[in-house]
Amino acid sequence: MMKIEVICGDITQLEVCAIVNAANCTLLGGGGVDGAIHRAAGPDLLEACRKFNGCQTGEARITPGFRLPAKFVIHTPGPVWHGGTRREPELLRACYENSLTLAEENNCRSLAFPCISTGVYGYPKQAAAEIALAAVLSWKNKLPEKVIFCCFSERDAEIYRSLLAEKL
Ligand code: ADP
């Protein structure tokens with residue numbers, strides 16, 4: 001059974017095998033958690049990301065973590081919220097699933113997610129958390145053994161905690 005943890009904190013500080021970056025399609029850095037991850041990892045991360053020539057929404061790419069405590073960064077561009085009519089739920093779920101797949105392929109025992117798309121991209125927080133949790137709870141493979149939802153506010157963490165209490 002996979003272990004799920006909800007914490008409130010800075011994802012760049014986590015000592016896990018892989019952290020997920022809520023990237024944009026250029027993979028060349030941005031604001032929010034993306035900017036924080038690039039700052040903490042150092043300039044080698046940008047160089048590694050350049051080689052991908054971007055990434056489509058819902059897909060994921062993996063790089064080393066460079067100066068981060070995490071061994072890997074999994075970069076996934078979440079959907080921009082347009083009211084829910086542009087396949088946003090399906091694309092957000094794909095972000096979680098494709099990240100889990102890359103973590104598994106790289107033998108990661110622990111993986112941490114930020115609240116993808118819920119910052120500048122405007123995805124409603126409750127709906128996004130439901131998708132995140134459903135994707136992780138449906139993952140039946142052995143790895144990763146532990147998933148951390150790394151929220152950046154207590155309010156976000158509360159959403160995940162109450163959903164988890166309902167589902168488990
Ligand atoms: P998006 O463009 O996918 O909406 P943002 O970075 O704007 O991405 O926001 C995604 C989530 O990441 C938001 O909930 C934001 O509060 C959170 N966040 C910002 N910085 C950090 C950080 N250092 N660690 C964890 N989460 C963070």
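Atoms within a ligand are numbered from 1 in the order they appear, just like the ligands themselves.
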Which residues satisfy the ring pair (Phe, Tyr, Trp, His ring centres under 6.0 Å) test with Trp139, sequence neighbours excluded?
none
Is the backbone N or O of Gly29 less than 3.5 Å from a side-chain atom of Asn24, with the two atoms forming a donor-acceptor pair by type?
yes
Will you find, in the side chains of Arg86 and Thr57, an N or O donor that is under 3.5 Å from an N or O acceptor?
no
Look only at the side chain of Ser117 and the backbone of Pro79, and say whether a donor-acceptor pair between them is shorter than 3.5 Å.
yes
Can you tell whether the side chains of Glu90 and Arg93 come within less than 4.0 Å, N to carboxylate O?
no
Close residues (non-hydrogen atom under 4.0 angstrom from ligand 1) work out to Gly9, Asp10, Ile11, Ala22, Gly32, Val33, Ala36, Cys115, Ser117, Thr118, Gly119, Val120, Tyr121, Phe152, Asp156
Using side-chain heavy atoms (C-beta onward) and a distance below 4.5 Å, is Pro114 in contact with Cys150?
no
